[in-house]
Amino acid sequence: MSEPPVPDVVYRGQLVAGGPGATTTATAASASASKSTSGVRERVTELLARVHSGGEAAVRDMAFEIDGYRGDVHLSEERIRVLEAQVTPAERADIDAAVDRVKMFARVQLEHGVRDFEVEVAPGIVSGQRSTPLARVGCYAPGGLMAHIASAIMTVSTAAVAGAERIVLATPPRRSAGAGGGRASTADAGKGVEAASTPAAAAESSGPTEPDPRIVYAARRAGAHHILVLGGVQAIGALRLGLFLEEGDGAITNTKEPADAVIGPGNAYVAEAKRQLAGEGCVIDVFAGPTEICVLALPSQDPSAPPLDAELIATDIVSQAEHGPTSPCWLFTTDRALAETVSARVPPLIALLPEPNRLAATAAWRDFGEILVLPSDEDVAAVCDTYAPEHVEVFAADEERLRSFWLPRLRNYGSLFLGDGTSVTHGDKGAAGTNHVLPTRRAGVSSGGLSVHKLRKTTTFSHPRSLAQAASDPTVRKEAFASARMAAVISRREGMEGHARAADARTAKLAALSNLGVPHAKELLANAGATETAHCSAWLN
């Protein structure tokens, strides 16, 4: 495939270099995020080590040092009822609807995904696969300054439909903007407003006491068995180790049953903690970076056709820019006039946001915004696939091409939103039913977002006829001899004699059970020398 043409740049953020071979906002934002978190890895390693060595006592200390929280970590049923009573009927209705849609989508995902099956690969040799759920899943929902209700819905609902036996949600205690709000960086304003995991943060805290009641309601409605009042790295560590869970007598104890998976969005510290857990064999959803939006705008070539809605496009760009100062926002189009209109409208719309959203969106657009004009739809698609955005919205004058061209043509993205009737917001908040935990930083080239399939594992099995059964059936016996010979020959070609002898032993035992006699058995073992077949003496003599 030929390289896409050099685009006409209408707007490019100041941290993105221009010119041929320029660093795109995708890589520039990633590099910026890496620089801004250069000390994060060491800090997270230190905090996780404290959790591992000190267990629940260490986590309680960290909860106070970092979040100023002194209450019980495990949310009791009584506290859950009190918190749920604070959720209004209207809020409950919306949360219920979102949970139902996300679960509906996940159930269909499960039905149409990897299935159990068996196949007879040769006479008498049955092999197959099974899809089984991960037993224990830890979910994280940010909630320090902003209540990430949707994160509870997305993670817990998916784990429940996948079939997890134990689902634990961790979410931080609430704080107001005037009570320690300075702790939450605008970099985390959209996907994790938990503390920056530094002891100094505690000094700014006015003592938060409870998690957001709507997160609690959403988690229980979606199927969480336990809720922990914890944020940041200490939450991720506690989820992984299975800390603070009630046993039958109601005591808060360490179950010593680690989570098989830890999922959910968060700030740089949470993302790094999950990355380190992945290196220990724990399943995670994605290696998350700053959230991304890419809008593709394809107007009609017919001058009499109505124009695309530039105001709506600009609004959608701003809606994602508020996530944080390193969140890339891209517009790729074939229409320069549209590009210039959107470019002019984005700053005024950002100015209408409240703080701290306005500050975050201003920085994101200033540093990582980009508007490119390209010659054709195909060029737009090619550039989009190169960026591999987390979210892609497609505005097209030709509605039919949304499904006939854009859906099959685009390959690299986290989630795709077709037409002006939807938006990233619809996906983020559960209205679309799709999951909002998605790959960023070009990870969409090779992976997808959170789904039931990430919380299930595919295992295989083989169940041939027993050697005694094979000995009594000439057809099955022939295949059993052939399979053993095949395995032995390939093993020896690889220099793995021990492997070969395991196959030879079955050849020898099957020959003995078939009453073929020692000479015939040795003939069957002709691929191995006398020294190599000495291990078969139990069946050859």
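The structure displayed is predicted, hence computed values, not measured ones.
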State, to 0.1 Å, how close [X] and [Y] come at their nearest heavy-atom pair, and which atoms those are.
X	Y	result
V137	A159	CG1-CB, 3.9 Å
S300	D302	OG-N, 3.0 Å
T341	A310	CG2-CB, 3.6 Å
V87	P213	CG2-O, 3.5 Å
A235	A170	CB-CB, 3.9 Å
S127	S462	OG-OG, 3.4 Å

Distance from [X] atom [atom1] to [Y] atom [atom2], nearest 0.5 Å?
X	Y	atom1	atom2	answer
R456	T458	CZ	OG1	8.5 Å
S404	E399	OG	CD	11.0 Å
C329	I371	SG	CD1	10.0 Å
L228	L75	CG	CG	8.5 Å
D212	Q86	CG	CD	9.0 Å
L438	T440	CG	OG1	9.0 Å

- Show your reasoning for whether side-chain contact (heavy atoms from CB on, under 4.5 Å) applies to E56 and V59. CA-CA 5 Å; E56 294 177 1; V59 172; 5.6 Å; no
Salt-bridge contact [X]-[Y] (side-chain N to carboxylate O under 4.0 Å):
X	Y	value
E322	R358	no
D377	R409	no
D260	K457	no
E292	R441	no
R79	E210	yes
E390	R442	no

Are any non-hydrogen side-chain atoms of [X] and [Y] less than 4.5 angstrom apart?
X	Y	answer
F368	S327	no
Y140	I263	no
D420	D309	no
W365	I350	yes
E311	R345	yes
R240	I236	no
V233	L48	yes
D385	L410	yes

- Evaluate the criterion side-chain contact (heavy atoms from CB on, under 4.5 Å) for residue pair Y269 and Q234; output intermediate values, then yes/no. CA-CA 10 Å; Y269 291 85; Q234 62 271 28; over 6 Å; no
Please indicate whether [X] has more than 12 foreign heavy atoms, meaning atoms of other residues, nucleotides or ligands, lying under 6.0 Å from its [atom1].
X	atom1	answer
Q129	CD	yes
E78	CD	no
H52	NE2	yes
E355	CD	yes

Indicate whether any N or O donor in one side chain lies under 3.5 Å from an N or O acceptor in the other, for [X] and [Y].
X	Y	result
T459	R130	no
Q276	E272	yes
S376	D379	yes

- Take D72 and R60, measure what salt bridge (Lys or Arg N to Asp or Glu O under 4.0 Å) needs, and give me the verdict at the end. CA-CA 9 Å; D72 290 337; R60 288 192 185 95; over 6 Å; no
Can a donor-acceptor pair be found, under 3.5 Å and without considering hydrogens, that links the side chain of [X] to the backbone of [Y]?
X	Y	value
T155	S151	yes
T333	A297	yes
R136	A261	no
E393	D316	no
H436	D428	yes
Q109	G113	no
R401	A397	no
D67	Y69	no
T422	L418	no
H463	V126	no

- Task: Kindly assign one of parallel, tilted or perpendicular to the pair H391 and F417, based on the angle between their ring planes and the thresholds 30° and 60°.
- Result: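 Because their plane-to-plane angle lies in the 30° to 60° range, the rings of H391 and F417 count as tilted.
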- Task: Before giving the answer on side-chain contact (heavy atoms from CB on, under 4.5 Å), spell out for L402 and L407 the whole-Å C-alpha distance, their side-chain angles and the decisive distance to 0.1 Å.
- Result: CA-CA 6 Å; L402 291 173; L407 182 59; over 6 Å; no
- I would like to know whether T158 and N435 meet side-chain hydrogen bond (donor to acceptor under 3.5 Å, both in side chains); could you show each step before the answer? CA-CA 8 Å; T158 304; N435 209 290; 2.9 Å; yes
- Message: Checking Y387 against E370 for the side-chain hydrogen bond (donor to acceptor under 3.5 Å, both in side chains) test, could you report, in this order, the C-alpha distance in whole Å, the side-chain angles of both residues, the deciding distance, and whether it holds?
- Response: CA-CA 12 Å; Y387 280 53; E370 192 168 36; 2.8 Å; yes
- Among K274, R275, K454, the one residue meeting salt bridge (Lys or Arg N to Asp or Glu O under 4.0 Å) with D285: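 For D285, the salt bridge (Lys or Arg N to Asp or Glu O under 4.0 Å) test succeeds with only one of K274, R275, K454, which is K274.
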- Query: On the ring face of Y217, is R214 found with NZ or CZ under 6.0 Å from the centre and within 45° of the axis?
  - Reply: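 Because its charged atom misses either the 6.0 Å distance or the 45° angle limit, R214 does not stack over Y217.
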- Given T88 and E91, is the side-chain contact (heavy atoms from CB on, under 4.5 Å) satisfied, shown in steps? CA-CA 5 Å; T88 69; E91 289 172 333; 3.1 Å; yes
